[in-house]
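Only one structure is covered here, and it is reproduced in the block below.
Numbering starts at 1 and runs along the sequence shown. Side chains included, hydrogens not; waters and symmetry mates left out as well; all remaining heavy atoms used. These figures come from a predicted structure and were not determined experimentally.
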Amino acid sequence: MRRAARHLPGEGGAGDSLLLPYHDRYRRRGVLTLGSGEAILLDLAEAAELCDGDALELEDGDRITVRAAAEPLTEVRGDLARLAWHIGNRHTPCEVGADRLRIQRDHVLEAMLAGLGAEIAHIEAPFQPEGGAYGHGRTHGHAHAHDPDDDPNAHIPHRHG
């Protein structure tokens with residue numbers, strides 16, 4: 001099995017591809033199946049956010065392009081600043097566009113946002129939310145079911161008031 005040990009942000013393009021949904025694009029190690037059907041071992045020195053258009057370099061020099069898979073999302077329109085504040089207050093990953101917000105489907109959040117006057121639509125699209133507050137890593141939900149060894153923001157204190 002070939003091994004990918006280098007993550008090259010923004011350097012994808014040629015070669016085989018790897019299609020992953022959002023929840024599978026924060027990785028350090030694991031067996032992944034490429035578009036061609038070949039299985040490779042991802043073996044990075046530390047966990048990395050694999051974004052659409054990034055590359056993984058295999059030991060033989062071949063590059064694999066990371067692609068964000070379409071997944072079920074909720075598109076939110078309305079008073080974006082107010083709606084984004086409520087989404088962020090729940091530590092929910094959110095993709096911000098000029099005229100819309102996108103979040104992973106969650107009927108509880110959808111009901112809250114609709115109650116705040118948001119227009120809600122269910123869509124299927126790649127999900128690329130904003131990174132963590134300090135410019136890297138991921139936001140996290142209130143469940144805190146993450147592995148601190150794989151969370152670069154685990155050391156940042158925060159309150160739930």
Side-chain angles (χ1 to χ4, degrees), residues 4 6-13 17-30 32-35 42 44-56 63-161:
R6 286 189 63 204
H7 172 228
L8 305 168
E11 294 191 28
S17 63
L18 176 63
L19 186 65
L20 296 171
Y22 173 69
H23 72 272
D24 284 339
R25 290 197 319 267
Y26 186 75
R27 314 281 308 230
R28 186 187 84 73
R29 190 169 159 80
L32 303 171
T33 304
L34 305 178
L42 179 67
L44 302 176
E46 58 187 43
E49 178 77 21
L50 306 177
C51 297
D52 189 69
D54 287 357
L56 296 172
R63 289 189 177 183
I64 306 303
T65 301
V66 176
R67 292 288 173 223
E71 54 192 290
L73 301 175
T74 301
E75 191 163 87
V76 181
R77 295 179 187 272
D79 181 354
L80 295 187
R82 182 170 177 243
L83 298 169
W85 185 89
H86 283 281
I87 291 169
N89 191 44
R90 283 150 186 83
H91 298 250
T92 300
C94 181
E95 181 177 329
V96 179
D99 62 346
R100 52 94 181 129
L101 304 171
R102 288 181 177 168
I103 60 173
Q104 292 172 313
R105 286 193 193 160
D106 180 316
H107 70 279
V108 173
L109 283 176
E110 290 172 10
M112 177 206 61
L113 294 166
L116 293 168
E119 298 170 33
I120 303 293
H122 288 158
I123 65 167
E124 296 272 333
F127 187 48
Q128 193 64 53
E130 295 291 314
Y134 295 89
H136 63 285
R138 288 200 167 190
T139 58
H140 62 276
H142 276 110
H144 290 269
H146 61 273
D147 180 351
D149 292 336
D150 283 341
D151 184 352
N153 298 321
H155 69 284
I156 300 168
H158 67 279
R159 295 185 323 107
H160 296 253

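The side-chain heavy atoms of Thr74 and Leu109, taken from C-beta on, include no pair separated by under 4.5 Å. Between Asp54 and Arg25 the shortest side-chain heavy-atom distance does not fall below 4.5 Å. The shortest distance between side-chain heavy atoms of Leu73 and Glu71 falls below 4.5 Å.
Every salt bridge (charged side-chain N to carboxylate O under 4.0 Å, His left out) that Arg29 has, sequence neighbours left out, goes to Asp43. Not counting sequence neighbours, the partners of Asp52 by the salt bridge (charged side-chain N to carboxylate O under 4.0 Å, His left out) test are Arg67.
Interatomic distance, CG of Leu32 versus CG of Leu19, reported as 11.5 Å (0.5 Å rounding). One distance of note links CZ of Arg82 with CG of Asp79; it measures 6.5 Å at 0.5 Å rounding. Here the straight-line distance linking atom CG of Leu44 with atom CG of Leu56 works out to 6.5 Å at 0.5 Å rounding. The NE2 atom of His86 lies 6.5 Å from the CE atom of Met112; values are rounded to the nearest 0.5 Å. Taken from CD in Glu110 to CD1 in Ile103, the straight-line distance is 6.5 Å, to the nearest 0.5 Å. Taking SG of Cys51 as the start and OH of Tyr26 as the end, the distance is 11.5 Å to the nearest 0.5 Å.
With respect to the salt-bridge test (charged N to carboxylate O, under 4.0 angstrom), the residues Arg100 and Glu95 qualify.
Across Leu80 and Asp99, no two heavy atoms sit closer than the pair CD1-C, 3.6 Å. Of all heavy-atom pairs spanning Val76 and Leu83, the tightest one is CG1-CD1, 3.7 Å. Contact record, Ile64 with Ser17: CG2-C, 3.9 Å, taken as the closest heavy-atom pair. Across all their heavy atoms, His7 and Leu50 have their closest contact at CD2-CD2, 3.5 Å. Between Pro93 and Phe127, the closest heavy-atom pair is O-CZ, 3.7 Å. Ala84 and Leu101 get closest at one heavy-atom pair: N-CD1, 3.7 Å.
The 12-atom threshold is not exceeded at NE2 of His107, counting heavy atoms of other residues, nucleotides or ligands nearer than 6.0 Å. Within 6.0 Å of atom CD in Glu124, more than 12 heavy atoms from other residues, nucleotides or ligands are found, so the atom counts as buried in its surroundings.
Under the 3.5 Å distance criterion, the side-chain polar atoms of Arg105 are matched with a main-chain donor or acceptor of Ile123.
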*Take Leu113 and Ile120 through the side-chain contact (heavy atoms from CB on, under 4.5 Å) test and state the conclusion after the steps.*
CA-CA 8 Å; Leu113 294 166; Ile120 303 293; 4.0 Å; yes

